[in-house]
Amino acid sequence: MKVVLTGRVPAEAVSMLAAEHDVIAWDSEVLIGRDELLSRVAGADAILSLLTEKVDAPLLDAAGPQLRVVANVAVGYNNIDVIACRERGVLVTNTPGVLTEATADIAMALILMSTRRLAEGERVIRAQRPWQWGMFYMLGTSIQGRVLGIVGMGQIGAALARRARAFGMTIAYSNRTAVREELAAELGCVRMELPDLLATSDVVSLHCPYSPATHHLISTNELAAMRPDAFLINTARGPVVDEAALAGALAAGQIAGAGLDVFEQEPTVLPGLLGLDNVVLLPHLGSATVETRTAMATLAAANALAVLRGEQPPTPIPA
Ligand code: GLV
């Protein structure tokens, strides 16, 4: 059968697929163009997709009716039109679990970078601007004893909570459903409605999926509801935050700072953010370790292989 990759993935995953099927790989770090992709997917039984490529109705139709599975190499699958897949009998899988720790590391790193002004300090040294140890020089905010508000308490949210507790933070969360009692006891976390969480937290970190329901979940009113000394961290998806509203709030000192690993129009970053010292900007590095990317790609390959064998894939997207 024919498996089409929409982008370059670690060799381990390609070998797994090639052992059983014809693989049409994309061996460049340059993103595949839409027209190229539309022509390559023709006749595909499986598509291994990266989050940079949209898997929508035209792409599914270009593949043809034999297509059985779209295996996304990411936990988020907002790049995939799930309804169009369902209508065509195409299964969708993602890669939860294997990127939990790496992404929680980046969220914790952003908390430390933004509260302790680490990127700002690094910029001073690299620009060879004068500096001197000083009692009042570049003071940040201590996180010990502060409240971390987690929006979306899934696996990554819980992994961040464990890290933050080790740094002395206490945990609040908002989620559609309450977490299991054992997890709540382990994390010592309290559940709040989003408005209460925003008003209470010293750091708000976003870990919800992106969907129409979470588009601009954090916008002007939500930023206004946050404390003026609070920080916002986003390692989820860019459009969960209204970036223009955030830039305005940061410039006006309405909140203390932000740490962003994701953006509304990646790889473009809103120019209004670029000149601000109170925002840390990372180029979507959440899962970017050799180990994690290999685990993601091999899990996606295992998902595709299982479906092509007529078996249940390890990690289908939630029903
Ligand atoms: C990365 O952003 C992912 O969703 O896996």
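Values in this document were obtained by computation on a predicted structure and should not be read as measured data. Counting from 1, the numbers follow the sequence of the chain as shown. Both counts, for ligands and for their atoms, begin at 1 and track the order of listing.
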Would you say Q128 has more than 12 foreign heavy atoms packed within less than 6.0 Å of its CD?
no

Those residues that, when tested against E120, pass side chain to side chain donor-acceptor pair (under 3.5 Å) (two or more places apart):
R117

N234 and I218, any side-chain heavy atoms less than 4.5 Å apart
no

Given N72, which partner from the list N94, N79, T95 fulfils the side-chain hydrogen bond (donor to acceptor under 3.5 Å, both in side chains) test?
N79

For E264 and H215, does a side-chain donor sit closer than 3.5 Å to a side-chain acceptor?
no

Protein residues near ligand 1, heavy-atom distance below 4.0 Å?
L51, A74, V75, G76, L99, R237, H284, M296

Side chains of R293 and S287: donor-acceptor distance under 3.5 Å anywhere?
yes

